[in-house]
Amino acid sequence: MESLSPLAMKTDLSKGRDYPEKDHPFRNSYQRDRDRIVHATAFRRLAHKTQVLVTHTSDHHRTRLTHTLEVAQISRTVARQLHLNEDLTEAIALSHDLGHPPFGHAGEYALRDCMVNHGGFEHNRHALRIVEELEYPYANYPGLNLTWEVREAMALHSKVPDCPEVKKYLKYKQPFLEAQVADTCDSLAYNAHDIDDAISLGIIEFSDLEGSKIWKMAFAKAQEVLPKEATATQTQLGAIRILIDMHVYDLVENTRKNISLAKSTNLEEVRNMETSVVCHSPEIEELKHELGAVLKQKIYNNFRVQRMANKGARFVKRLFSEFSENSLQLPERYTARIKAQGLHRTVCDYIAGMTDRFAQDEYMKIFNPYFDV
Ligand code: MG
């Protein structure tokens, strides 16, 4: 194996786990973190949670699970090219969306509104709560007992740095470079796959992306390199591949440039810089931003996407108020936790853990008079 960059997080230097454990003979700490994440209930539930389109829309579009896998594979490639810690990068990427409630960001904002006077809700913060408290595979301690570094990546991603469970992780201005990689690959992955899904499901057509220069470049390149017999779908997929490649090349090259400009081999120093070293060049960043704005207008604000998002938000809010008004409707495992966690946090945990499908079933059971409970 090639040697790691001086700016990579070295597995041997991990701050370790809250509950100390013996080393494993075959797997290092970050590989064990990765495996714990993959074996977690919250990870499996990602299969039935909305990325952009509600999971029952079709069998072919991305769910939060397949999105996560795409982020992980792109992140690993980038980490390897930059000689960063691939195992840590993979664990961070696989865990990055664990805290998402059902119905994507619409569900998240609905829960945030419900919890506004009860401590708030945000998905990164909830991911921390899942891995520190809510998962229960071990008899001796709560949570997954992940290493500090994977938990820190979640905390530094949080939009609510002031809350106590996040605050304890905030020593540096920037996350580990491995976390910076996973974060950048998250947005480049969803830009690319959201286009693919939206075209495939007839939400947009190629012409709707006219406002994005980088898409037009990728599309023109696909037409240039593909044989004349290529179908529209093959051209679409070719353009998506080229779009991802353009971003990844730029990310690797520009990060190498930033690292050499930083003239530091000291990880602490680089983490205390004002900006991330892992980032796109200003040109690609601008094009990525422009693409994001086009996607917002044409995909995320599309009436079909909006209707389902709003419907999902409505389910979340109505379930929240119903369970809060009469908590005896919660399963016993949850009512038992109200005393220690408080009523609203317990209801929030229950709803945040739901898949789209489970939330829809619960909604029918609770509100449809002809449904058995
Ligand atoms: Mg994501």
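One-based numbering, in listed order, for ligands and for the atoms of each.
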Undergrad: Return yes when at least one N/O/S atom of H100 is nearer than 2.8 Å to the Mg ion (ligand 1), and no when none is.
TA: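 Of the N, O and S atoms in H100, none lies under 2.8 Å from the Mg ion (ligand 1), which means no.
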Undergrad: Let me know which of E132, E21, R17, R32 forms a side chain to side chain donor-acceptor pair (under 3.5 Å) with N145.
TA: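 Single side chain to side chain donor-acceptor pair (under 3.5 Å) partner of N145 among E132, E21, R17, R32: E21.
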Undergrad: Assign the ring pair W215 / F206 to parallel, tilted or perpendicular, where the plane angle (0 to 90°) is split at 30° and 60°.
TA: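 Judged by the thresholds at 30° and 60°, the geometry between W215 and F206 is parallel.
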Undergrad: Check D186 and report its N/O/S atom nearest to the Mg ion (ligand 1), by atom name.
TA: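 Output for this pair reads OD1.
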Undergrad: Does the plane of the ring in Y138 sit parallel, tilted or perpendicular to the ring in Y141? Use 30° and 60° as the thresholds.
TA: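 Correct class here is tilted.
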Undergrad: Using ring centroids (six-membered ring only for Trp), state whether H193 and H61 fall under 6.0 Å.
TA: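 Centroid distance H61-H193: not below 6.0 Å, so no.
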Undergrad: Between NE2 of H96 and OD2 of D97, what angle is found at the Mg ion (ligand 1), rounded to 10 degrees?
TA: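 The angle at the Mg ion (ligand 1) comes to 90°, rounded to the nearest 10°.
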